[in-house]
Amino acid sequence: MSSIGSPTGAAPTDTGRAAATARGHLFNAGSLGRYRDVLARGVDRVARRVGEVDTPFTGVTPDELAPLIGGIDLDRPLGDTDAALDELHDVWLRDAVWFHHPRYLAHLNCPVVIPALLGEAVLSAVNSSLDTWDQSAGATLMERRLIEWTAGRIGLGPTADGVFTSGGTQSNLQAMLLAREEAYRRAVGGAATRPDRPQVLSRLRVITSAAGHFSVQKAAKLLGLAADAVLTVPTDASRRMRADELARTIDRCHRDGEVVMAVVATAGTTDFGSIDPLPEIADICADAGVWMHVDAAYGCGLLVSPTRRHLLDGIERATSVTVDYHKSFFQPVSSSALLVRDGRSLRHATWHADYLNPARAVEQGIPNQVDKSIQTTRRFDACKLWLTLRIMGPDAVGELFDQVVDLAAQAWRRLDADPRFEVAAQSQLSTVVFRYRPPGLAPDLADEANLHARDALAASGAALVAGTKVDGAHHLKLTLLNPETTVDDVAHVLDLIADHAAWYARTATAAELSCPVG
Ligand SMILES: *Cc1c(COP(=O)(O)O)cnc(C)c1O
């Protein structure tokens, strides 16, 4: 027996066998049998669990799950796919939060379409990385086509460009980065002596509405702007940015020597589904020469709506747009993009590295997406949207979104007519903000009762709703993104909420009567 690879002359052995076994897990032409088998088992587990679940949640608590997960020795593998899937079931699948369930009505999580799940499986096996052409080939060009397609749906014009991102937060951050650099360039351009950069940055302001997304504040912080850089404009009765207040705020900034770096309009606010008055905002931004960013993380589904595209009128005048396909295109997390009117503005995210994307690649016309992105290694999330469009088509996606917008309108009318509840402004999209507030219930008690109702409902697992504050008062929120949810589902959940809240109000009142404070 040869002793090659075994300099001591000992048998080639356990380490050798272990290495061969480890290599057997690698995905390649030699392991296709295992690939098919293992993935099929995973798909089967998910299918079995989804077939069983009859509530969106089990109500499990962190205290119940933490010991289970903490007790697993990650240095001692189970060695067997089925055993690992059994364990995965116990620590996750059994108690997962299921967005496909018709009574999951909480956050902006959509049920996902099967073509996108196919895309997810394929993209992670091939594992293209979208930073450079030489790690992705066709995937880069497919992403570019989808960017072009989205920009076309928005109407951004011939110089538009963009890039896929990990989510709306990153899209907004990148938009603010580009806007900051443009504002800085302009500020420096006019000056006789080169101003101090921190000094210029400290004068930059971003204006959004009081109902805008918190990622705008976060972006300002990450970008080194002043602590008070984000100014929030009041909203009207429908929770849309007041254009007159926006104009006033811009004037005030200019009077105070501040530089308005960007206005962030929201097309679909997270709580109210309100769409800011885009045409008016576009006029004001054009007059003031200000970057207009439209955060359409939620409202982007309207881009494919067969009946409601007009609600986004004015978006075509934006300087940049955030879209979250994982919010309203029924795509799995993550799938998002930033679009810009002028592709050249993406250069602010460019840095050339000899080992990755040398400047000469640009001259050679090699399409390296990293030149447009704040990420380097990047998933081919676009594959999911690609297969969705190629299998279902955009109209089918838009019809699904239309259905949930219709459902929200029905749910709103129902709540408005129900004396147990008070309802906030009607959403233009698919949220319903409301609270339990029957006649005679004191405001403080109503606050507590609504908080309790949400928690009790979640603990029961029967349904999930979200919570928020409206003008200081605790409210509940339905985010309707599931076309399978019916008005009867909504009515049933409202009854559950009313029961929990009424129980709380009764119990608290009784306790107060039997044990008066002070
Ligand atoms: C969800 C949301 C975001 C953030 O998107 P993520 O994908 O969660 O990062 C930004 N803006 C609005 C209006 C949103 O609703």
Side-chain angles (χ1 to χ4, degrees), residues 97 99 104-110 112 116 150 154 162-177 179 206-223 230 232-233 235 238-241 262-278 281 292-303 311-312 315 318 320-339 373-375 378-379 381-382 384-385 401 404-405 408 425 427-433 466-469 477-481:
V97 177
F99 302 150
Y104 177 83
L105 313 172
H107 301 287
L108 276 165
N109 311 104
C110 51
V112 294
T150 307
I154 297 171
V163 70
F164 271 65
T165 69
S166 63
T169 302
Q170 192 190 338
S171 298
N172 285 346
L173 170 64
Q174 184 169 354
M176 291 305 100
L177 169 74
V206 177
I207 306 177
T208 189
S209 94
H213 196 260
F214 80 107
S215 54
V216 177
Q217 274 84 359
K218 212 160 162 170
K221 193 171 171 180
L222 289 169
L223 292 169
V230 179
T232 52
V233 168
T235 53
S238 313
R239 306 285 166 178
R240 304 161 78 224
M241 181 191 281
V263 167
V264 179
T266 315
T269 59
T270 312
D271 273 348
F272 303 102
S274 45
I275 299 168
D276 288 341
L278 303 177
I281 294 172
M292 174 184 176
H293 178 64
V294 177
D295 178 357
Y298 176 16
C300 61
L302 296 175
L303 292 172
L311 292 175
L312 290 178
I315 196 172
S320 57
V321 179
T322 286
V323 297
D324 258 5
Y325 309 105
H326 64 214
K327 293 259 181 78
S328 51
F329 273 68
F330 305 93
Q331 299 293 295
V333 178
S334 52
S335 181
S336 178
L338 171 68
L339 292 305
S373 175
I374 58 179
Q375 288 172 259
R378 194 161 53 82
R379 290 163 55 84
D381 284 318
K384 297 178 282 190
L385 181 61
F401 193 58
V404 295
V405 178
S427 170
Q428 290 171 282
L429 297 178
S430 65
T431 61
V432 187
V433 178
T468 190
K469 271 190 172 183
K477 176 173 70 165
L478 311 179
T479 306
L480 302 169
L481 281 177

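Residue numbers count from 1 along this sequence. When a ligand or atom number is given, it counts from 1 through the structure's own listing order. Keep in mind that what you see is a predicted model, and the values were worked out from it rather than measured.
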(request) Identify the residue among His213, His293, Lys218 that makes a side-chain hydrogen bond (donor to acceptor under 3.5 Å, both in side chains) with Asn172. (result) His293
(request) Output yes when a side-chain donor or acceptor of His326 lies under 3.5 Å from a complementary backbone atom of Ser335, and no otherwise. (result) yes
(message) Below 30° counts as parallel, above 60° as perpendicular, anything between as tilted: where do the rings of Tyr104 and Phe99 land?
(response) tilted
(request) Flag the pair Arg239 and Asp271 as a salt bridge only when some basic side-chain nitrogen lies within less than 4.0 angstrom of an acidic carboxylate oxygen. (result) no
Short N or O contacts of ligand 1 with protein, under 3.5 Å, listed by atom name?
| residue | atom | partner | partner atom | Å |
| --- | --- | --- | --- | --- |
| ligand 1 | 5 (O) | Gly168 | N | 3.2 |
| ligand 1 | 5 (O) | Asp324 | OD2 | 3.1 |
| ligand 1 | 5 (O) | Lys327 | NZ | 3.4 |
| ligand 1 | 7 (O) | Gly168 | N | 2.8 |
| ligand 1 | 7 (O) | Asp324 | OD2 | 2.7 |
| ligand 1 | 7 (O) | His326 | NE2 | 2.8 |
| ligand 1 | 9 (O) | Gly168 | N | 3.2 |
| ligand 1 | 9 (O) | Thr169 | N | 2.8 |
| ligand 1 | 9 (O) | Thr169 | OG1 | 2.6 |
| ligand 1 | 11 (N) | Asp295 | OD1 | 3.2 |
| ligand 1 | 11 (N) | Asp295 | OD2 | 2.6 |
| ligand 1 | 15 (O) | Thr270 | OG1 | 2.9 |
| ligand 1 | 15 (O) | Lys327 | NZ | 3.1 |

(request) Would you tell me whether Ser166 and Ser334 have side-chain atoms, one donor and one acceptor, within less than 3.5 Å of each other? (result) no
(message) What I'd like to find out is whether the side chain of Gln331 reaches to under 4.5 Å of the side chain of Val112, using heavy atoms alone.
(response) no
